[in-house]
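Notes for the one structure printed next.
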Amino acid sequence: MRKALVLLLSIMLLGIVGCNVESGMDIPDLEVMYKGEVIEVMKGGYNWTTKSGLWGEESVIVDEASPEDIAKGMEGNRVPVGAKLDLVFSKEPISFKVVNWGEPGECQLTAAPNTLTIPEEEGTYIIEVIGEWKEGQVSCTFKISGHKNKD
């Protein structure tokens, strides 16, 4: 009887404390490329929830600077206007949206599955990509300087 009670209490304690010692947070990354050239991307704010133990969850909420402030520390890559950029997520999102914070203002950015087309208008584009996963949401920012020719 005593062994059964110790075993039952051990199982309950394990369930309450959790099975894993290390955090299971695996926040997705975004890689942006133009013709094989890697474009600098910085992760912004995110919220992420994963399972912890048998019944628990672990959540992290990170609040970062605005995409405009993040981009101040970035040099930015020069690409031709109309360029198609490849968006490569380390974990495929359920969906994503693209927001332009740069000088051409309310221009439309065309995002097809894993591809982003820079508008035909010259200027500096501060681009935020916000991915959605079942575990949460992640924001990434990069800076592009669109020019009529790449020289």
Strictly by modelled atom types, are Glu128 and Ser139 linked by a side-chain donor-acceptor pair under 3.5 Å?
-> yes
Got a sec, which hydrophobics cluster with Val88, joining ILVMFWY side chains under 4.5 Å apart, including via others?
-> Met33, Val38
State whether the number of non-hydrogen atoms from other residues, nucleotides or ligands found under 6.0 Å of Ile94 atom CD1 is greater than 12.
-> yes
Say whether, by atom type as modelled, one donor and one acceptor occur between the side chain of Trp48 and the main chain of Val138 under 3.5 angstrom.
-> no
Any donor-acceptor pair under 3.5 Å from Ser52 side chain to Glu57 backbone = no
Given the rule in the side chain to side chain contact (heavy atoms under 4.5 Å, CB included) test, do Phe96 and Trp133 qualify, once you have shown the distances and angles that lead to the verdict?
-> CA-CA 9 Å; Phe96 69 92; Trp133 290 263; over 6 Å; no
Quick one: list whatever passes side-chain contact (heavy atoms from CB on, under 4.5 Å) with Lys84, sequence neighbours left out.
-> Thr115, Thr117
Residues forming a side-chain contact (heavy atoms from CB on, under 4.5 Å) with Val32, sequence neighbours excluded | Leu30, Ile39, Val41, Leu85, Leu87, Phe142
Nearest heavy-atom neighbours spanning [X] and [Y]:
X      : Y      : value
Lys148 : Glu122 : N-OE2, 2.8 Å
Glu37  : Asn77  : OE2-ND2, 3.0 Å
Glu40  : Met74  : O-CE, 3.3 Å

Does a salt bridge link Lys91 with Glu135, judged by any charged N lying under 4.0 Å from a carboxylate O?
-> yes
Is there a chain of hydrophobic side chains (I, L, V, M, F, W, Y, each step under 4.5 Å between heavy atoms) that links Val81 to Tyr34?
-> no
